[in-house]
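Each remark here refers to the structure printed beneath this line.
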Amino acid sequence: MATTKAPDAGRRSDRSRRAIHDAALALVTEQGYRRTTIEGIAARAGVGKQTIYRWWPSKAAVLMDAFLDLAGRTAEDAGGDPQPDGAASSGGSAPGFPDTGDLAADLKTVLRATVDELNNPVLEAVTRALTAEGIVDAKLGAEFVQQLLDPQLALYVTRLRAAQEAGHVRAEVDPRIALELLIGPLMHRWLLRTLPLTHAYADEVVDCAVGGLAPHA
């Protein structure tokens, strides 16, 4: 008598998770974060609400997980590092951030990758939704910072401290303030759409910031 192969529960769970991720991202892109509901995500994914609540405690948690997964897959498809900033690692630097010994060149590599990510139509809509909603929803904003931004910002701090040790950045400079000189202008231009966000702009930001951070002659 032929035996019936048992269903692969793990594979089924992976399919369901991906369907939920895709549904959440699609709905937020189509109708915004506030109008997206767990019921809507479940219906679009073809699963029951209880399936979603078994894995995630809230809509925000679903979207955050979906976004992190999408960012990782997008970086891998582009042949890059799965770190959200897309920067390649080298030498003894922290994973995801280059350290060639040339601070300006390394920062330009990372900020150019950030520009590409912010301009990526696959990521842009959901990034804007999470960013905008995080301004009015303190809990979501805190999760966005903790899960997505803080790990990236820590890479900047590590690289800038290495530059201080090498004498390329003044010892009294606070790395956290320094990194905001780099990231802040890009986010301002991207959020408000004041002017195009380009590699050339990222390079100019780096040149201005590094010039101000360097030791005085």
Side-chain angles (χ1 to χ4, degrees), residues 1-89 94-97 110 113-155 187 190-191:
M1 178 181 298
T3 58
T4 301
K5 186 176 181 180
D8 187 333
R11 182 174 297 177
R12 186 169 63 247
S13 292
D14 288 342
R15 285 199 301 266
S16 295
R17 284 178 182 273
R18 180 55 56 82
I20 292 167
H21 283 171
D22 291 345
L25 294 170
L27 288 172
V28 167
T29 299
E30 293 168 10
Q31 60 190 30
Y33 177 81
R34 291 193 174 187
R35 293 180 61 191
T36 298
T37 64
I38 291 292
E39 290 81 4
I41 295 171
R44 175 72 69 95
V47 302
K49 286 194 303 181
Q50 67 277 10
T51 298
I52 295 178
Y53 283 120
R54 185 165 64 246
W55 291 328
W56 297 280
S58 66
K59 175 179 71 175
V62 176
L63 184 59
M64 192 69 64
D65 198 27
F67 179 76
L68 292 172
D69 178 63
L70 174 62
R73 285 188 281 128
T74 301
E76 290 173 358
D77 290 344
D81 191 289
Q83 288 287 337
D85 62 21
S89 63
F97 211 114
V110 173
T114 301
V115 165
D116 291 341
E117 181 178 291
L118 291 172
N119 287 331
N120 185 331
V122 176
L123 297 171
E124 183 177 14
V126 67
T127 305
R128 286 188 180 279
L130 280 169
T131 302
E133 191 62 27
I135 294 172
V136 295
D137 183 336
K139 183 178 180 181
L140 177 64
E143 291 177 352
F144 186 72
V145 169
Q146 180 181 14
Q147 296 189 44
L148 182 66
L149 295 184
D150 278 349
Q152 297 182 51
L153 299 182
L155 300 179
M187 294 305 297
W190 177 75
L191 281 171

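All values reported here derive from a predicted model rather than from experimental measurement.
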Handout entry: side chain to side chain donor-acceptor pair (under 3.5 Å) involving Glu133 - partner list, sequence neighbours excluded
Key = Arg34
Completion exercise
Heavy-atom closest pair (Ser13 atom, Trp55 atom, distance to 0.1 Å) is O-CH2, 3.8 Å
Practice task
Measure the shortest side-chain to side-chain distance between Leu70 and His21 over non-hydrogen atoms and say whether it is less than 4.5 angstrom.
Solution key: no
Problem - Approximate separation, where rounding is to 0.5 Å, of Arg17 CZ and Asp22 CG - result: 13.5 Å
Exercise for the section: Can you run down the side-chain hydrogen bond (donor to acceptor under 3.5 Å, both in side chains) pairs that involve residues 138-150, sequence neighbours left out, and say none if there aren't any? Expected result: none
Completion exercise
When rounded to the nearest 0.5 Å, the distance separating OG1 of Thr51 from CD1 of Ile41 is 13.0 Å
Practice task
For the pair Glu117 (side chain) and Ala113 (backbone), establish whether a donor and an acceptor sit closer than 3.5 Å, ignoring hydrogens and angles.
Solution key: no
Practice task
Walk me through it: do Leu25 and Leu63 pass the test side-chain contact (heavy atoms from CB on, under 4.5 Å)?
Solution key: CA-CA 7 Å; Leu25 294 170; Leu63 184 59; 3.9 Å; yes
Problem - Verdict with supporting geometry, Asn119 and Glu124, side-chain contact (heavy atoms from CB on, under 4.5 Å) - result: CA-CA 6 Å; Asn119 287 331; Glu124 183 177 14; 5.7 Å; no
Exercise for the section: Please lay out, stage by stage, how Arg18 and Asp69 fare under the test side-chain contact (heavy atoms from CB on, under 4.5 Å). Expected result: CA-CA 9 Å; Arg18 180 55 56 82; Asp69 178 63; 3.6 Å; yes
Practice task
Answer yes or no: is there a side-chain heavy-atom contact under 4.5 Å between Tyr33 and Val126?
Solution key: no
Fill in the blank from the handout: Ala19 meets the side-chain contact (heavy atoms from CB on, under 4.5 Å) criterion, sequence neighbours left out, with Ala45
Problem - Atom pair OG1/CG of Thr37 and Leu27 - distance to nearest 0.5 Å - result: 7.5 Å
Practice task
State which residues pass side-chain contact (heavy atoms from CB on, under 4.5 Å) with Ile38; sequence neighbours excluded, sorted by chain then number.
Solution key: Lys49, Ile52, Tyr53, Lys59, Val62
Practice task
For the pair Arg44 and Glu30, evaluate salt bridge (charged side-chain N to carboxylate O under 4.0 Å, His left out) and give the outcome as yes or no after the intermediate values.
Solution key: CA-CA 12 Å; Arg44 175 72 69 95; Glu30 293 168 10; 2.8 Å; yes
Exercise for the section: Verify side-chain contact (heavy atoms from CB on, under 4.5 Å) between Leu118 and Met187, making sure each step is shown before the conclusion. Expected result: CA-CA 9 Å; Leu118 291 172; Met187 294 305 297; 4.1 Å; yes
Problem - Set of side-chain contact (heavy atoms from CB on, under 4.5 Å) partners for Ser58, sequence neighbours left out - result: Ala60, Ala61
Handout entry: Results of side chain to side chain donor-acceptor pair (under 3.5 Å) for Trp56 - residues two or more places apart only
Key = Asp65
Completion exercise
Rounded to the nearest 0.5 Å, the CE atom of Met64 sits from the CG atom of Leu130 at a distance of 5.0 Å
Problem - Heavy-atom check, side chain of Arg128 versus side chain of Trp190, under 4.5 Å - result: yes
Practice task
Taking the side chain as every heavy atom from C-beta outward, state whether Val28 and Phe67 have any pair of such atoms under 4.5 Å apart.
Solution key: no
